[in-house]
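First the structure, in the form of structure tokens, and then the observations on it.
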Amino acid sequence: MHSYRLRPASDSDTPMLLAIYTSTRQEEVAQTGWPQGQQDAFLAMQAKAQHEHYLLHYPEAERHLIELSGETAGRLYLSDWEQEIRIVDIALLPAFRGSGLGSQVLAALAGPGSPGRQAPDYSRGNQ
């Protein structure tokens with residue numbers, strides 16, 4: 001079991017949030033054969049578009065960094081609705097994938113502590 005913590009993300013975390021986003025898309029974008037600079041620019045543009053989409057559709061969402069032993073492991077965006085907690089986004093850096101950390105974070109969200117509420121909606125938040 002991992003001893004992680006959720007820390008509210010701030011504007012100063014933008015470079016880390018970009019690194020997390022980029023890590024989820026690098027393999028896919030590398031398939032284009034574009035020069036690295038073009039790949040980086042495309043990923044930055046996509047990260048910005050995703051961020052703006054989340055702000056528009058989930059303005060109340062909480063943005064968290066997932067930290068493990070003082071090191072950033074990923075991000076978790078949550079939207080607290082009246083009857084449910086909506087998981088807008090969860091992503092882990094490659095070094096933390098496959099370790100059970102993501103499952104542990106999701107299990108904690110689905111656990112007791114929110115009586116009368118539905119379990120989190122695990123669908124992607126693209127409404």
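- Annotation: salt bridge (charged side-chain N to carboxylate O under 4.0 Å, His left out) contacts involving residues 45-57, sequence neighbours excluded, comprise Lys48-Glu52.
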Apply side-chain contact (heavy atoms from CB on, under 4.5 Å) to the pair Ile20 and Leu65, showing each step before the final yes or no. CA-CA 10 Å; Ile20 295 166; Leu65 288 177; 4.0 Å; yes
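- Across Ala91 and Thr24, no two heavy atoms sit closer than the pair CB-CG2, 3.9 Å.
- Residue pairs meeting the salt bridge (charged side-chain N to carboxylate O under 4.0 Å, His left out) criterion with at least one member in residues 68-79, sequence neighbours excluded: Arg75-Asp89.
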For residues 96-104, dump all side-chain donor-acceptor pairs below 3.5 Å to protein atoms at least two apart in sequence or in another chain.
residue : atom : partner : partner atom : Å
Arg97   : NE   : Leu92   : O            : 2.6
Arg97   : NH2  : Ser23   : O            : 3.4
Arg97   : NH2  : Ser23   : OG           : 2.9
Arg97   : NH2  : Leu92   : O            : 2.8
Ser99   : OG   : Phe96   : O            : 2.8
Ser99   : OG   : Leu101  : N            : 3.4
Gln104  : OE1  : His2    : N            : 2.8
Gln104  : NE2  : His2    : O            : 2.7

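- In this structure, CD on Glu62 lies 8.5 Å from CD1 on Ile85, to the nearest 0.5 angstrom.
- Residues meeting the side-chain hydrogen bond (donor to acceptor under 3.5 Å, both in side chains) test with Arg7, sequence neighbours left out: Asp13, Glu67.
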List the steps, then state whether side-chain contact (heavy atoms from CB on, under 4.5 Å) holds for Tyr21 with His51. CA-CA 10 Å; Tyr21 175 84; His51 176 73; over 6 Å; no
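- Two rings, from Tyr77 and Tyr54, have their centers less than 6.0 Å apart.
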Listing, residues 36-45 side-chain donor-acceptor contacts under 3.5 Å, not counting sequence neighbours, or none:
residue : atom : partner : partner atom : Å
Gln36   : NE2  : Asp40   : OD1          : 2.8
Gln39   : NE2  : Trp34   : O            : 2.7

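- Annotation: the span from Leu76 atom CG to Leu6 atom CG amounts to 6.0 Å, rounded to 0.5 Å.
- Counting Ile, Leu, Val, Met, Phe, Trp and Tyr side chains that sit under 4.5 Å apart, directly or through other members, Leu55 stands alone, with no cluster partners.
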Apply side-chain contact (heavy atoms from CB on, under 4.5 Å) to the pair Leu78 and Val88, showing each step before the final yes or no. CA-CA 5 Å; Leu78 298 172; Val88 177; over 6 Å; no
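- Checked against side-chain hydrogen bond (donor to acceptor under 3.5 Å, both in side chains), Glu60 has the following partners two or more places apart in sequence or in another chain: Ser79.
- Its side chain outside the 4.5 Å cluster rule for every partner, Leu56 clusters with none of the Ile, Leu, Val, Met, Phe, Trp and Tyr residues.
- Looking at residues two or more places apart in sequence or on another chain, you find a salt bridge (Lys or Arg N to Asp or Glu O under 4.0 Å) between Glu28 and Arg25.
- When the side-chain hydrogen bond (donor to acceptor under 3.5 Å, both in side chains) test is applied to Tyr4, no partner is found at least two apart in sequence or on another chain.
- For Gln31, there are no side-chain hydrogen bond (donor to acceptor under 3.5 Å, both in side chains) partners, not counting sequence neighbours.
- Across all non-hydrogen atoms, the minimal contact from Ser3 to Leu68 is O-CD1, 3.5 Å.
- Between Thr72 and Ile66, the closest side-chain pair of non-hydrogen atoms is not below 4.5 Å.
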